[in-house]
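Heavy-atom basis, side chains included; hydrogens, waters and symmetry copies ignored. Along the sequence shown, the residues carry numbers beginning at 1. Atoms within a ligand are numbered from 1 in the order they appear, just like the ligands themselves.
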Amino acid sequence: MADAHSHECVDKPSMKGKACVIGSGPNGLAAAIVLAQAGLEVQVFEAQPISGGGARTMELTLPGFLHDFGSAVHPLAVGSPFFSSLPLHEYGLEWIHSPAPLAHPLDDGTALLLERKLDDARASLGVDGEAWCRLVRPFVEHWNEFAPEILRPQPAIPKHPWLMARFAMSALRSAETIAGRFQSGRTRALFAGLAAHSFLSLDEVLSGAFGMLMAIPAHAVGWPIPRGGSQAITDALCGYLEKLGGAVHTSRRVDFLEALPKCDLVLCDVTPRQLLAIAGPSLAAYYKRQLQRFRYGPGVFKVDYALREPIPWRASECKRAITMHLGGTFEEIAASEKAVRSGKCAEKPFVLLAQPSLFDSSRAEEGKHTAWAYCHVPNGSTEDMLPRIEEQIERFAPGFREIVLARRVFSCEDLESMDANLVGGDINGGVLDLRQFMARPTWQQYTTSARDIYICSASTPPGGGVHGMCGYHAAKMALRRFTGA
Ligand SMILES: Cc1cc2nc3c(=O)[nH]c(=O)nc-3n(C[C@H](O)[C@H](O)[C@H](O)COP(=O)(O)OP(=O)(O)OC[C@H]3O[C@@H](n4cnc5c(N)ncnc54)[C@H](O)[C@@H]3O)c2cc1C
């Protein structure tokens, strides 16, 4: 991964050739930058009028209120080995941290806060403080070695075998098993919320790994937001790409490869279903069959709020965190995720909520606020989850509904209409269970049956999240094969 930490290619591009990238999500832009750094002439074609895919910010409710359409909180972007190698701050990207990354309110009117510093976390988690630190400390302290290991294609021979063996020993368990180490129901609830980011049932293998992979960056790099919203990440990537000579064309949906200018390489920031539609005639039958077997995961139902004032949390300490996990106990969160995994909508859904305007005044008019919330639903669900989401918010913040100035609801279908990669509302580009962790989207990972066509979206390793590592690894692979290296 050493190459992701240097700018060596920026000043001395050497390679000649042309590349097209379909889609300008974080992975498409990361791929475009790697190719441009190597000297290729790169053009990105984006279907939507604004670049960014899942990393866009728009006035979704009222004028003057800026909402993140997709990603809001960015541990993996700030901790991304590739993004960290780029001068994105020179292109306006500024990170904002809340005092605590996460708050988890409970029915007794208190909240458990996940503190950023491990020593503070040990103190605030009381009886479980020591066990928490034992679980995450080795990886927090070696984040720079750990992050490249987990954010790359698997299986791979680890560069840090002891660290990774230690991770595997804990992580290849279910969230339920890992939570069993904690004595307090409060700590178990906190871990359930972290593990629920996986979209897996909390008794499934890998759900524990997700819990750890959310907790570790909380201490190592924080869970920050970009000033101005996730669009700032996209704008910085686009700005840097343009500096390298690349171009992004918006409102240019690609329906078939022939619509692209003649080029040597095509990198597709799309999911398998779109790849089949766009590149089908160029792909071999065996490969198409493998793509058809790719499985999408549950979807999300999302709401953006314009608010008259800050959310009236019963536990006032919730105002110290950007991200809130609303779901109560381990058992309740586990039941919510199990329902979704078995194709049902939860009666009491686990709700993820972000309150960015408490820490970034650029998101709303003075004194006003925004909130971003979603819950998991079965793929393609048409169920209206708004009442159930608001029940959960009201449970911990009575009077919430009265401060709502406007709301914008996104069903699975609405999400997909604004980003074709969100198939059935799946925000991770496909299920990330053990099988699709190893073979994502097929055992060939970034390569396809056509030598010049690659897939580089979150449907490739390491999967969902704004980190650009799918695009980075796909483009590196494409360059290696292009040069015959
Ligand atoms: C509601 C929601 C909440 C999320 N929360 C977080 C979070 O807090 N933190 C986090 O890290 N991640 C979060 N994510 C996930 C994150 O946004 C994605 O994992 C990430 O954006 C994936 O990047 P990508 O480049 O693979 O795909 P995308 O970002 O989806 O980009 C794909 C792009 O390709 C374009 N495209 C598709 N088909 C075509 C075509 N035929 N022609 C031209 N262009 C095309 C699309 O318009 C889109 O711009 C969230 C996502 C959503 C939707």
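- The shortest separation from a heavy atom of C470 to ligand 1 is not under 4.0 Å, leaving the residue out of contact.
- The side-chain tip of R252 does not point at the ring of F45 from less than 6.0 angstrom away and within 45° of straight on.
- Residue contact annotation: L415 has no non-hydrogen atom under 4.0 Å from ligand 1.
- Counting only heavy atoms from C-beta outward, the side chains of M385 and V377 approach each other to under 4.5 Å.
- Using a 4.0 Å cut-off between heavy atoms, L422 contacts ligand 1 through its side chain alone, with no backbone atom that close.
- A cation-pi geometry, defined here as NZ or CZ lying under 6.0 Å from the six-membered ring centre and within 45° of its normal, does not hold between R273 and F294.
- At least one heavy atom of V73 sits under 4.0 Å from some atom of ligand 1.
- Within the 4.0 Å heavy-atom criterion, neither part of H467 lies near ligand 1.
- Residue pairs meeting the ring-ring contact (aromatic ring centres under 6.0 Å, His included) criterion with at least one partner in residues 46-67, sequence neighbours excluded, do not occur; the list is empty.
- For the pair R116 and P99, the minimum side-chain heavy-atom distance is 4.5 Å or more.
- Residue D255 does not touch ligand 1, judged by heavy-atom distances below 4.0 Å.
- Only side-chain heavy atoms of V270 come within less than 4.0 Å of ligand 1; its backbone N, CA, C and O stay farther off.
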